[in-house]
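The chains referred to below are lettered A, B, ... by the order of the sequence lines, with proteins before strands, and numbering in each begins at 1.
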There are 2 protein chains.
Amino acid sequence: MTGTAEASLALALHLRGGRVTPQRRAIARLIDEAQMHVTAEEIYSQVSERLPGVSIPTVYATLELLEELGHVARVPTSSGPALFDTRTDEHHHMICRACGHVADLMASVDRERLVSAAGAHGFHAEQVQLVVQGLCDECAAAPVS
Amino acid sequence: MTGTAEASLALALHLRGGRVTPQRRAIARLIDEAQMHVTAEEIYSQVSERLPGVSIPTVYATLELLEELGHVARVPTSSGPALFDTRTDEHHHMICRACGHVADLMASVDRERLVSAAGAHGFHAEQVQLVVQGLCDECAAAPVS
DNA sequence: CTGGATGCAAACTCTTTGCATGCAT
DNA sequence: ATGCATGCAAAGAGTTTGCATCCAG
């Protein structure tokens, strides 16, 4: 996961004997330019503008590929469509239980301690994500619906 | 959320003019006795043994009710069916990306700090959950599939 | 009685699969 | 030329909705 998703995708695909297709390039490029948290559907509609004819299964397959390569990470949510995060550095999320909006949270957690705590349970930790649930400013102010 | 789900359910329902039905009692009771992390489907099949005829929509509705009352919490996951946690004290989760198994993680995070960090972003935090993703012992040992 | 809760079936959303075609290598 | 990737359509999970019936209060 060095450099852009588009570049490292080509490299990784060569190594594993995969193909660099226009669809994969276009999706990887969107990820590079991307807006933080996206659903497969959003990727689909945006990539469709640039490369008409892409299909949803291809979007899902490519997102899975990019996830393996570490260019996107799924955000753990409690409901709704899968959210892919284009930021892959250690950061966390606030998720509004009313509108579902996801925002980044700048805060540090003691990753080392948690990884070894997980290890003590026989778990091989790869990623530590913090999810803060509650209400975003707008939903907190909004009428009870 | 004082006492058992079954008991507090009755109280809360009276207060809001809701009804204490056999279905709700049975589901609340399962939650009281429960096994940590359950899907709606698991609740459904277990409650069906005691109270034949319950329907899936009722299970979902009751889980939502119990969630409002604070007797179950959804575990943020990256895929798969919704997981309801019957433990409502502050604790965290390790989720295996291979088999999906969820286990509790005993570790503390500085809740106060995170809640106020979220507050600084205008977010009204209610719950802080940590998700450690990786491989459980068995999947780490298992053949690459 | 009365309206909230239930069961059933159907709709819906999100994601994956099967299969024939197409294209990167 | 070879076989991986694609697009399409359809199947599949999981969850929600609509509506008539039922029963707790």
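Considering all non-hydrogen atoms of both residues, B:Leu66 and B:Ala28 come closest at CD1-CA, 4.2 Å.
Taking every side-chain heavy atom of B:Pro57 into account, D:dT17 is the closest of C:dT17, D:dT17, D:dA24. Here C:dG7 is the nucleotide among C:dT15, C:dG7, D:dT15 with the atom lying nearest to any side-chain atom of B:Gln23. Closest to the side chain of B:Ser55, out of C:dG7, C:dT15, D:dA9, is C:dG7.
With salt bridges taken as basic N to acidic carboxylate O contacts below 4.0 Å, none links A:Glu64 and B:Arg97. With salt bridges taken as basic N to acidic carboxylate O contacts below 4.0 Å, one links B:Asp104 and B:Arg87.
Formation of a donor-acceptor pair under 3.5 Å by the A:Ser45 side chain with backbone atoms of A:Glu42 is found in this model.
Rounded to an integer number of Å, the gap from A:Glu41 CD to C:dT16 P is 13 Å. The distance between atom CG of B:Leu63 and atom C1' of D:dG14, rounded to the nearest whole Å, is 13 Å. Residue A:Phe84 contributes atom CZ, which lies 7 Å from atom P of C:dT15 at whole-angstrom precision. With rounding to whole Å, B:Leu65 atom CG is found 8 Å from C:dA5 atom P. Protein atom CZ of B:Arg24 is 12 Å distant from nucleotide atom P of D:dA24, rounded to whole Å. For the pair A:Tyr44 OH and C:dT13 P, the computed distance is 16 Å after rounding to whole Å. If you measure from atom NE2 of B:His14 to atom P of C:dG4, you get 15 Å, rounded to the nearest angstrom. Atom C1' of nucleotide D:dC22 and atom CG of B:Leu51 are separated by 14 Å, given to the nearest angstrom.
Between A:His37 and A:His91, the ring planes lie tilted relative to each other; the angle falls in the 30° to 60° range.
Counting non-hydrogen atoms of other residues, nucleotides and ligands closer than 6.0 Å to CD of B:Glu33 gives a total above 12.
Both A:Thr58 and B:Ala40 lie near DNA chain D, and the one whose nearest nucleotide falls closer to the 5' end is A:Thr58. In terms of position on DNA chain D, the residue among B:Thr21 and B:Gly80 whose nearest nucleotide sits closer to the 5' end is B:Gly80.
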Quick test: give all pairs of protein nitrogen or oxygen and nucleotides 19-23 of chain C nitrogen or oxygen below 3.5 Å, distance rounded to 0.1 Å.
| residue | atom | partner | partner atom | Å |
| --- | --- | --- | --- | --- |
| C:dG22 | N2 | A:Arg19 | NH1 | 3.1 |
| C:dC23 | O2 | A:Arg19 | NH1 | 3.2 |

Practice item. Kindly indicate, with the supporting measurements, whether the criterion side chain to side chain donor-acceptor pair (under 3.5 Å) is fulfilled by A:Ser78 and A:Gln133. Key: CA-CA 9 Å; A:Ser78 300; A:Gln133 276 164 310; 2.7 Å; yes
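Contact annotation: A:Tyr60 does not reach the phosphate of C:dT16 (side-chain N/O to OP1 or OP2, under 4.0 Å).
Contacts of B:Ala82 with the nucleic acid, taken as non-hydrogen atoms under 4.0 Å apart, involve only primed sugar atoms and P, OP1 or OP2.
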